Amino acid sequence: KSDADIVAKAGEWTPALNLNDAAKEERVKAAIATHLKTVRDWHNDHPSSTVPAGINPATGNRLSDMDRDIIANSAMPKSVHDSLMNVLKRELTPEQVESVLDKYTIGKVDFTLKGYHAIVPDLKPEEEAQILVYLKQAREQAIDFKNMKEISAIFEIYKTKCEQYLNSNGRNWHQLFKAYVDAAKAKKETGKKQNN
């Protein structure tokens, strides 16, 4: 995307914060635009081909192009992330910071949490709280990646943590997920029969 597109995107996100302070709005907009440009430029200057085609030491599987993309992009200096977050935290309320992070990740925290509620209908408050911690960590890490494929890959890391957490607390994620899929298939079949 061009610099003008990025500035326009930052310009769309900031008015929704209702800051009622032109100078503050400009500082937030500038920080977001700078961050988006830096993420884009880092991504474009560090293609997956810059990472050797080795194996994932945790699994032994060959690194996929997406793995290599994530490795290359995650090597961006931490100062890029910190610069944005410092401005957001200084200028905005915690709720407004979350709103900006949701814009970066198109609301994946809410969407994913709803999925967990659908799959685990009796989700306990403490389980939801821990899942929310992981999803918010995913969201904040994901803002440093350029496109939705990469953002989704970051969320997958934390969804695995959520599922491991549920398993370690007496849940069986595979059974829960299978029951959810089976129920969805049954509902779909019932709908087809009713329409015939």
Side-chain angles (χ1 to χ4, degrees), residues 1-47 66 69-119 123-162 165:
K1 290 195 173 198
S2 72
D3 286 359
D5 289 341
I6 285 174
V7 170
K9 182 186 272 191
E12 289 169 20
W13 292 359
T14 47
L17 299 170
N18 300 314
L19 299 176
N20 303 316
D21 179 332
K24 181 182 279 200
E25 189 170 312
E26 194 51 44
R27 289 189 297 270
V28 170
K29 178 181 162 186
I32 293 169
T34 298
H35 180 260
L36 287 169
K37 287 179 199 173
T38 306
V39 168
R40 177 206 58 203
D41 292 346
W42 181 274
H43 175 90
N44 293 345
D45 294 342
H46 298 84
M66 178 58 71
D69 249 349
I70 297 293
I71 292 168
N73 290 311
S74 66
M76 185 173 67
K78 186 176 180 306
S79 59
V80 173
H81 180 89
D82 291 346
S83 292
L84 171 69
M85 293 307 295
N86 289 340
V87 171
L88 296 183
K89 288 177 180 175
R90 183 175 62 244
E91 302 288 348
L92 305 176
T93 67
E95 293 77 19
Q96 289 170 324
V97 172
E98 290 206 18
S99 174
V100 171
L101 299 183
D102 281 335
K103 295 280 188 199
Y104 272 89
T105 59
I106 62 164
K108 281 185 87 63
V109 168
D110 239 16
F111 177 80
T112 308
L113 185 60
K114 284 179 182 156
Y116 280 108
H117 276 286
I119 295 165
L123 198 65
K124 296 176 185 150
E126 62 272 15
E127 291 171 328
E128 179 178 344
Q130 183 57 54
I131 287 170
L132 207 47
V133 166
Y134 286 138
L135 295 180
K136 287 181 178 185
Q137 287 173 344
R139 178 181 62 193
E140 187 168 337
Q141 188 172 4
I143 68 168
D144 296 326
F145 292 83
K146 182 183 170 194
N147 58 47
M148 281 316 299
K149 278 186 170 180
E150 293 171 357
I151 288 170
S152 293
I154 297 302
F155 269 82
E156 283 303 316
I157 294 166
Y158 288 88
K159 284 163 69 175
T160 298
K161 289 182 182 204
C162 291
Y165 164 77

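Given the structure is predicted, the values throughout are model-derived calculations rather than measurements.
- Of the inter-residue distances, the one linking Leu135 atom CG with Cys162 atom SG reads 4.5 Å to the nearest 0.5 angstrom.
- Scored by the side-chain hydrogen bond (donor to acceptor under 3.5 Å, both in side chains) test, Tyr158 finds Gln141 as partners (sequence neighbours excluded).
- Annotation: side chain of Val39 is not in contact with side chain of Phe145 (no heavy-atom distance under 4.5 Å).
- Note that CG of Asp5 and CZ of Arg40 are 9.0 Å apart. Values are rounded to the nearest 0.5 Å.
- Considering every non-hydrogen atom in both Ala142 and Ile151, the closest pair reads O-CG1, 3.5 Å.
- The side-chain heavy atoms of Leu19 and Leu92, taken from C-beta on, include a pair separated by under 4.5 Å.
- In this view, Ser152 and Lys108, Met148 satisfy the side-chain contact (heavy atoms from CB on, under 4.5 Å) rule, not counting sequence neighbours.
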Subject >> Steps toward side-chain contact (heavy atoms from CB on, under 4.5 Å) verdict (Met85, Leu101) >> reply: CA-CA 10 Å; Met85 293 307 295; Leu101 299 183; 4.0 Å; yes
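- In this structure, the separation between CD1 on Ile157 and CD on Gln137 is 11.5 Å, given to the nearest 0.5 Å.
- Taking the side chain as every heavy atom from C-beta outward, Phe155 and Val109 approach each other to under 4.5 Å.
- Partners of Glu25 by salt bridge (charged side-chain N to carboxylate O under 4.0 Å, His left out), not counting sequence neighbours: none found.
- Here the shortest heavy-atom pairing between Ala72 and Pro47 reads CB-O, 4.1 Å.
- The salt bridge (charged side-chain N to carboxylate O under 4.0 Å, His left out) test applied to Glu98 returns Lys136, Arg139, not counting sequence neighbours.
- Taking OG of Ser79 as the reference point, atom CG of Leu84 lies at 12.0 Å (rounded to 0.5 Å).
- Shortest non-hydrogen contact noted between Ala10 and Lys29 is CB-O, 3.6 Å.
- No side-chain heavy atom of Gln96 sits under 4.5 Å from any side-chain heavy atom of Val100.
- Here Leu113 contributes atom CG and Leu123 contributes atom CG; the two are 7.5 Å apart, rounded to the nearest 0.5 Å.
- Considering only heavy atoms from C-beta on, Thr34 stays 4.5 Å or farther from Ser83 through its side chain.
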**OP:** Apply side-chain contact (heavy atoms from CB on, under 4.5 Å) to the pair Ile131 and Glu128, showing each step before the final yes or no.
**Re:** CA-CA 5 Å; Ile131 287 170; Glu128 179 178 344; 5.7 Å; no
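- Not a single side-chain hydrogen bond (donor to acceptor under 3.5 Å, both in side chains) links Glu12 to another residue, sequence neighbours left out.
- Shown here are the side-chain hydrogen bond (donor to acceptor under 3.5 Å, both in side chains) partners of Asp82, two or more places apart in sequence or in another chain: Lys78.
- In this structure, His35 and Val87 have side chains that are not in contact, with every pair of non-hydrogen atoms separated by 4.5 Å or more.
- Under the salt bridge (charged side-chain N to carboxylate O under 4.0 Å, His left out) criterion, Lys161 pairs with no residue, sequence neighbours left out.
- Here Ala23 pairs with Asp21, Arg27 under the side-chain contact (heavy atoms from CB on, under 4.5 Å) rule; sequence neighbours left out.
- Annotation: side-chain hydrogen bond (donor to acceptor under 3.5 Å, both in side chains) contacts of Lys159 (sequence neighbours excluded): Glu156.
- In this structure, the side-chain contact (heavy atoms from CB on, under 4.5 Å) partners of Leu36, at least two apart in sequence or on a different chain, are Ile6, Lys9, Trp13, Ile32, Tyr104.
- For the atom pair CG of Asp144 and CD1 of Ile154, the computed distance is 9.0 Å after rounding to the nearest 0.5 Å.
- Among residues two or more places apart in sequence or in another chain, the salt bridge (charged side-chain N to carboxylate O under 4.0 Å, His left out) test is passed with Glu140 by none.
- A donor-acceptor contact shorter than 3.5 Å links the side chain of Lys24 to the backbone of Glu91.
- Every side-chain contact (heavy atoms from CB on, under 4.5 Å) that His43 has, sequence neighbours left out, goes to Asp69, Asn73, Lys146, Asn147, Glu150.
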